[in-house]
Structures are given as structure tokens and as C-alpha cells.
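Every chain is numbered from 1, with letters handed out A, B, ... down the list of sequences.
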2 protein chains.
Amino acid sequence: MSTSFQQHKAGDLHFLKRLNRSAILELVRRTPGLTRADIATQAQLTKATVGTGVQSLLNQGWLSEGELQKSSGGRPGRALHLNDRHYVMLGAEVGVHGLRLVACSLSGEVLASHHEHLVPTTPEVTAGLLAERLHSLHSAPSVSDRHCLGVGVALPGPIDPRKPVLRLAPNLGWRDIRFLELLRPHFPKLEGTWLMDNEAKSAAFGEFYFRTGQVPDSLVYVSAGTGIGSGMVEGNHLPLLSRGLQGLAGEIGHTILQPGGLYCHCGNRGCAETLVSGWSIRAALGIAEDEELVESLLPRLQEENVQLTLRRAGEALGTLLLNLHHTQNPSELVLGGSLVQLGAPLLDPALAYFKANQNRLLGTTQQVPLRVIEDSTFIAARGAAAQVLASVIHGPSDLI
Amino acid sequence: MSTSFQQHKAGDLHFLKRLNRSAILELVRRTPGLTRADIATQAQLTKATVGTGVQSLLNQGWLSEGELQKSSGGRPGRALHLNDRHYVMLGAEVGVHGLRLVACSLSGEVLASHHEHLVPTTPEVTAGLLAERLHSLHSAPSVSDRHCLGVGVALPGPIDPRKPVLRLAPNLGWRDIRFLELLRPHFPKLEGTWLMDNEAKSAAFGEFYFRTGQVPDSLVYVSAGTGIGSGMVEGNHLPLLSRGLQGLAGEIGHTILQPGGLYCHCGNRGCAETLVSGWSIRAALGIAEDEELVESLLPRLQEENVQLTLRRAGEALGTLLLNLHHTQNPSELVLGGSLVQLGAPLLDPALAYFKANQNRLLGTTQQVPLRVIEDSTFIAARGAAAQVLASVIHGPSDLI
DNA sequence: CAAGTAAGTAAATAGCTTGAACTTACACGC
DNA sequence: GCGTGTAAGTTCAAGCTATTTACTTACTTG
């Protein structure tokens with residue numbers, strides 16, 4: 001269960017037709033307002049092919065026609081946009097501290113959302129509750145009249161790359177859970193794509209896929225919360241999300257930053273998470289599990305030991321970012337997760353370290369764009385919805 | 001200049017035809033001995049399409065027919081193989097200590113090779129010498145009667161992902177070199193693909209692309225020599241080699257393993273290369289630049305300080321491997337480079353650390369295959385040749 | 001030796017993109 | 001206000017590719 005679409009080795013005429021439809025849709029998605037003529041130029045197709053392709057996408061509710069462009073001497077072209085009123089994707093995140101749900105339009109706009117706190121419990125109970133909330137969201141006023149493309153679920157742990165199994169979620173206490181199998185029976189009628197993925201990977205995918213205009217070649221999302229994870233997306237036309245052999249790609253919280261350092265819950269020594277993570281900050285400052293970490297720390301940011309702890313964690317985070325820079329060198333880095341809300345005491349040392357050291361090797365002045373997401377509440381859920389959309393556009397669906 | 005082929009967003013009938021030819025060729029390449037019927041099943045094409053496709057590939061010298069398969073009740077199928085006698089690719093590596101060249105058949109067999117030592121000099125002189133050697137290789141008895149698909153060059157530094165520029169080769173003292181532009185004028189007649197890439201990436205690509213039978217989903221090659229670099233390849237049908245925004249993907253020698261540690265030549269502190277690399281071992285043991293590192297160390301392996309130095313370097317190497325495991329989690333790790341020749345004193349601690357700690361997080365017993373290449377003299381050059389082949393098969397060539 | 005089975009080939013058919021001609025729609029100059 | 005120029009978008013016959021169906025080939029089994 002993933003977003004690595006069958007690289008369709010070969011195909012027939014129907015396959016070619018679908019490929020061209022996908023290409024047209026992707027072009028308009030990435031560059032809203034394109035005319036048929038623009039598409040023909042960019043996709044290397046003839047006007048005729050684009051014309052019929054666009055017509056069928058209009059009929060099926062994927063695209064809508066907009067205003068006329070300004071003429072540049074001849075007949076003005078008609079702008080094309082995503083039809084943002086016909087389809088909807090549902091996305092959800094099962095986090096350590098609660099459930100987050102969104103209903104998304106094709107362009108990534110959040111039509112409706114829901115967030116509730118939840119103490120970690122069994123997969124079955126969680127699935128039941130999530131199903132209930134999904135049903136509510138699906139019947140919300142702005143959602144219920146749309147065709148639903150599917151449901152994506154983001155989970156806090158590594159996913160098997162070959163089958164939809166959550167291998168481990170240390171902070172939920174789950175292991176080898178086929179979460180979709182618990183969820184689907186609650187939706188006997190809802191057709192469409194069902195998928196699940198790691199939360200950092202879903203978030204990375206969403207941040208990449210819903211981008212319009214200048215799209216980066218690759219993007220890494222770093223999720224800093226109870227644990228630290230990352231996801232990398234790459235490849236413009238057919239975005240690829242690496243999972244790795246065991247789904248461990250992006251488990252950067254368990255890269256070693258301090259050989260011989262403190263013991264991590266995984267059993268290794270000196271993991272990044274022993275230096276920067278929700279749990280290590282709790283441990284350093286003696287904050288109990290049942291207290292909200294961010295809420296209890298925000299009033300205490302002036303305390304000296306809090307400042308010191310966060311500065312050290314921030315330096316480790318900066319090192320982690322630099323190591324990603326020298327391992328995957330993404331075109332854009334995005335930093336999210338609940339720890340971001342701790343603000344400057346944590347982030348300033350991290351960003352300062354990264355900015356000061358990223359160009360040492362090449363000696364250039366080009367800075368890798370690094371974006372900090374202040375409120376990442378719904379980022380992973382929205383990313384899971386993006387994965388649903390991508391699986392429909394690039395996958396074997398006959399909706400296109 | 002790279003191996004990220006235009007993801008041909010869309011296409012016409014001719015494009016589809018070419019796609020199917022490529023798919024057939026790739027299938028036979030990966031699984032020699034396949035029959036037309038097998039191909040039809042695996043590529044989801046009809047017998048008729050496969051028949052005409054195979055015929056055209058036979059005519060063009062890509063495939064050859066082999067023996068009849070054993071019948072399973074009906075007419076036996078005829079085995080298909082790569083025609084390993086018609087084409088040739090040239091690959092070269094410009095290393096810190098010399099030039100390595102190979103001529104490769106389609107299956108990756110080295111038909112002829114050449115290795116010579118060379119003290120670092122200017123790009124122009126190097127290109128002139130390499131051109132001379134390439135000419136010799138091209139006119140070697142087993143090579144000259146074949147059609148040459150092109151030339152690939154592997155270089156010891158990061159390559160710009162958008163244009164064929166070697167941005168930096170610290171150990172050669174080069175910066176921003178358009179090496180192909182120095183090389184091509186020496187070959188007024190030789191048509192075909194010309195490309196250059198980082199040596200670890202070329203090596204990774206070759207190890208992945210020439211594999212037959214069970215092909216891993218992804219592969220990381222770690223090149224341990226004067227510096228430390230890596231390359232990752234992913235995606236079975238259309239192998240993708242990530243370079244990153246600035247070509248820094250795989251510069252794992254400059255990931256920080258020891259915050260606040262020794263200064264690296266890049267200006268940062270605690271880079272992996274300060275702990276494990278040709279130059280850091282030289283520095284630790286006082287071996288001069290003009291001595292061959294491996295040759296001078298092999299007789300001294302019993303010395304206590306040598307053992308200690310190599311053990312510490314080995315532990316750092318093990319950490320590096322573990323960090324790759326938790327960042328990219330490749331299906332297979334391959335370790336090459338000149339330092340491998342130092343053998344057990346360096347490798348044992350590295351492999352032991354990696355094996356002991358790779359499964360802590362998931363708690364499984366599945367071991368990631370880790371292959372050590374004893375003699376990696378021609379690995380990168382052969383990989384560059386593989387990239388030439390891939391660019392012909394997947395690129396816009398009309399040879400297929 | 002006949003029947004059965006599966007691989008591979010040949011010819012007619014269906015479906016997609018193309019190319020060229022055509023229509024539409026605006027801008028510009030007089 | 002009108003004619004000309006330019007470019008967007010549409011229409012339809014033509015060309016090309018994969019498929020479908022029927023057929024031939026070639027070996028195994030009873």
C-alpha cells in the first residue's frame with residue numbers, strides 16, 4: 001500500500017490514452033490557468049489530442065473552464081482549472097495524542113476537519129472511533145454531495161513497503177497492525193482507494209503534491225514530535241516516495257549522532273532521538289507522560305534549564321538537518337511536528353547551525369529553502385488525502 | 001546529464017511502440033532465457049505484440065535466440081537472450097590516483113580494461129590522456145567490431161544535477177569542470193551517448209543495473225577511499241538515481257558523526273570523513289601523500305597503533321552504514337573502494353556493529369544483504385557504462 | 001500414431017494520435 | 001467601423017499500433 005505506482009512496463013492504446021489524460025490533468029493541477037495550447041506545447045501533444053483529452057476530463061468533473069486569457073495577437077485561449085467542487089478525498093492521522101481528520105478538495109483545500117485528543121488505546125477501539133469520525137466528516141455539508149475518491153490514513157510508525165501493515169508504533173504500543181482491515185468493515189459502501197502510510201511520508205507527499213507553480217524536484221519533510229521521522233518525495237511527473245526494504249527509510253530519529261551516547265528505547269546508543277524528541281525533552285525536564293508537553297513548557301521558556309535543554313535539542317536537530325542535506329540533498333526542507341510550537345528556543349539554534357554549515361563543502365551561497373510549518377495539525381492527514389488523489393491519477397483507476 | 005530519464009509525461013503511438021520494445025528488452029535483460037510467451041505474461045502484452053517487438057529487437061542486434069525450452073505439454077518456447085556480441089559501451093573512471101577504463105557488453109561483461117596510475121593534474125591533461133586510452137580501448141580486438149553506444153565517465157566529486165558539470169573534486173583540486181567538453185573534441189566521429197556522473201553513483205547504478213534474476217528494489221553503494229561517498233538506486237523498471245538539488249546526495253562523508261569533533265577539510269566539525277577515510281587514516285598514522293596508502297599499511301597491520309586506528313575507523317564506518325539503514329533503508333548495501341583492501345582490521349568492527357544494531361528498532365531477524373567488493377578497481381567505470389546502456393534503452397534514442 | 005497442448009505467426013479489426021483544413025475570436029492599423 | 005493578421009480551438013480523414021481470431025508449428029502423452 002503505497003504511492004509507488006506500477007511503473008507500467010508496457011501497454012496498449014487504452015493505456016496510452018489514460019497516460020495522456022493523466023499528463024494533462026497533472027499539468028493543469030501544477031499550473032492552474034493553463035490553456036489547451038499551453039498543454040499541447042508542454043506535453044508535446046497535438047492540439048487535437050489535447051482537445052479531446054480536456055473534453056473528457058471536463059465531462060468527468062476533473063477540470064473546469066475559466067476566463068479567457070488576454071490575447072497576444074490572435075484568438076485568446078481559455079484558462080483551465082481543476083474542478084474543485086466535484087471530488088473529495090478523506091485523510092486521517094492517528095497520532096500518539098489524538099485523531100486528526102480532513103476532507104480535501106482536488107487542489108488540497110481543507111473542506112472540513114476534525115481534531116480530538118485520544119489517549120493511546122487498542123487498534124480496534126481506535127479504528128472504531130476513527131470510522132465514526134470519518135462517517136461524520138463524509139456527511140458534512142460541504143462534503144456529502146461530492147464523489148469520494150478514497151481514504152488515506154497516516155500512522156506514527158514504519159509501514160511495510162509491500163503490504164499494508166504497520167510494523168511498529170512504539171509510542172502507541174502497537175506492533176504488526178493491519179489497520180485498514182480494521183477500518184474497512186465500517187464502510188461497506190464506500191468505494192475508492194484505501195491506503196495507509198507513515199505520517200512523515202504522508203506529510204512529505206502532501207507538501208509536495210499539492211504545491212502549484214514552481215514545484216521543487218524533491219522535498220524532505222521532518223516531523224519532530226514524540227519521535228523524529230522524515231519522508232522524501234522525488235520526481236516531478238510521477239512522485240516517488242521511498243519506503244525502503246523494511247519501511248525504515250526516514251527513521252532519522254534512530255540515526256546515530258553521538259556514538260556511545262545515551263541509550264535509546266530502541267536499544268542502540270546515541271540515537272538522534274536521545275538528543276531531540278518529545279520523549280527525550282520530557283526525560284530531561286521531568287515532565288510526566290500525562291501532561292501535554294508543549295502546553296506545560298510554553299510558560300516555562302524563560303527558565304534556564306529549559307532554555308539549555310531546548311538549545312541542546314535544537315543543535316541536535318540542526319545536525320540532523322545537515323546530515324539529511326549531505327545524504328539526500330532535497331530541493332526543499334520542511335520542518336513540522338508538535339515540537340515546532342516551542343518556537344525560537346528550539347528552532348533558532350537548529351536553523352542557525354544548518355544555515356551556517358550547509359555550504360561549507362561546495363563553497364556556494366545558494367541556500368536550500370527550509371520552511372517551518374507553525375501549525376502542522378492536519379499536515380499528515382492532508383498528505384494522506386493527497387496520496388489518495390495520486391493513486392487515482394496515476395494508478396489503475398478508470399475514473400480518468 | 002544523468003540517469004533520470006525524461007518521465008515522458010505523454011506520447012504518441014511511436015512512443016508507445018518504443019516503450020513496449022524497451023519493456024521487452026528490459027525483461028530479457030533481467031531474466032535471460034525468457035520465451036515470447038513468458039514476456040507476454042509478464043509485460044501484460046499479447047503474443048502478437050511481443051512477437052513483432054522481439055523480431056525487431058532481433059533484427060537490430062539487441063536480442064538473440066537460444067535453445068528450445070523443455071515442453072510442458074505443447075510446443076516448446078524458444079529462449080531469448082541478450083545479443084552480447086553486437087554492442088559495446090565504454091566506461092571510465094577518473095580517480096584520485098589513476099585512470100580506469102572498461103569496454104562492456106550489454107550484459108555487463110568486461111571485454112577489455114585498462115588501469116594506470118596518474119598523479120592528479122589539470123582537467124585538460126587528464127582529458128587528453130583519457131581520450132588516448134579510450135581510443136586504444138575502442139580499437140581493441142574484441143571491441144572494434146561492435147557498435148559503440150556511448151561513453152560514460154565517473155568522477156570523484158558532486159555533479160550538478162541539471163548540467164554536466166563537476167562542481168568539486170577536492171582530492172583532485174578541481175572545481176566547476178565541464179569534463180565532457182574537454183573530452184568530446186577528441187572524438188569527432190564517435191556518436192552515441194556521452195555522460196558523466198559521480199563515481200559512487202555510477203558504481204551503485206552498475207551494481208544494480210547489471211544484476212539479473214532476483215533484482216533488489218533499491219541498492220546503496222558505499223565507496224570508501226580517499227573520501228567517503230555513496231549512491232542510491234531505486235525503482236525496478238526505470239532505475240532512478242537521486243542526485244539532489246546541488247548534487248550533494250550521497251556525500252555521507254560529510255554527515256556529522258561527532259558534533260564538535262575534529263575539523264574536516266570542508267570546514268565543518270565532526271564529519272564522518274574525519275573518522276573514516278583515506279585522508280584521516282593518513283593523518284592519524286602520518287602517511288605521506290605520495291605513498292600508496294593501502295600498500296604501505298598492509299605490511300603494518302599487526303602494529304598496535306595501526307590496529308587501533310583502523311578499529312576506530314571501522315566503528316565509524318559501521319555507524320555510517322547504520323545511519324544509511326535508518327535513512328534510506330536500501331534492499332542491499334554494497335561496500336567498495338580502496339579501503340576495503342585493508343581487510344578485517346577495518347571491516348570486522350564495521351560489519352559487526354552494523355549486524356548487531358540494524359534490527360534493534362523493529363526487533364526482527366531479517367538481515368539487510370551487505371556485500372563487500374574485494375576488488376572494486378573497475379566498478380565505477382563499469383557503472384558508467386551501465387548508465388550509457390540505460391540512457392539508450394530508456395532515453396530518446398532511435399536504436400530500439 | 002493420433003490426440004492434446006502450448007508457442008508462435010498471419011491477417012483483419014478496433015482505437016488512438018496525427019495532420020491539415022477549417023472555424024472562432026481577439027488586436028491592430030487605417 | 002472595417003479589414004487584416006494572428007493564434008486558439010475543432011473537425012475529420014488518414015496512418016499507425018495493438019488486439020482479436022484463426023491458423024500453423026512442434027513437442028508430449030497415451
How many Å lie between [atom1] on [X] and [atom2] on [N], as a whole number?
| X | N | atom1 | atom2 | value |
| --- | --- | --- | --- | --- |
| A:Lys17 | C:dA14 | NZ | C1' | 12 Å |
| B:Gln55 | C:dA7 | CD | P | 18 Å |
| B:Lys47 | D:dT17 | NZ | P | 22 Å |
| A:Glu65 | D:dG9 | CD | C1' | 10 Å |

Polar contact flag, side-chain donor to acceptor under 3.5 angstrom, B:Ser107-B:Asp84: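 A pair is found: one side chain offers a donor N or O, the other an acceptor, under 3.5 Å apart.
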Is the shortest side-chain heavy-atom distance between A:Leu63 and A:Leu25 below 4.5 Å?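 When only atoms from C-beta onward are counted, A:Leu25 and A:Leu63 do touch, with a gap below 4.5 Å.
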Would you mind telling me which of [options] lies closest to the side-chain atoms of [X]?
| X | options | result |
| --- | --- | --- |
| B:Arg78 | D:dA18, C:dG8, D:dT28 | C:dG8 |
| A:Thr35 | C:dG8, D:dG9, C:dA25 | D:dG9 |
| A:Asn20 | C:dT17, D:dT17, D:dA26 | C:dT17 |

Can a donor-acceptor pair under 3.5 Å be found between the side-chain atoms of B:Arg75 and the base atoms of D:dT25?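 Check passes, donor-acceptor contact within cut-off.
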Given D:dT10, is OP1 or OP2 found less than 4.0 Å from the side-chain N or O atoms of A:Arg36?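 Indeed, a polar side-chain atom of A:Arg36 lies that close.
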Could you measure the distance from the OG atom of A:Ser22 to the CG atom of A:Leu238? Nearest 0.5 Å is fine.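 It is 9.0 Å, given to the nearest 0.5 Å.
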Mind checking if B:Ala37 touches a base, just sugar-phosphate, or nothing, with heavy atoms under 4.0 Å?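 Result for B:Ala37 = sugar-phosphate.
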Lys NZ or Arg CZ of B:Arg382 over B:Phe208 ring: under 6.0 Å, within 45°: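 Ring-cation test returns no.
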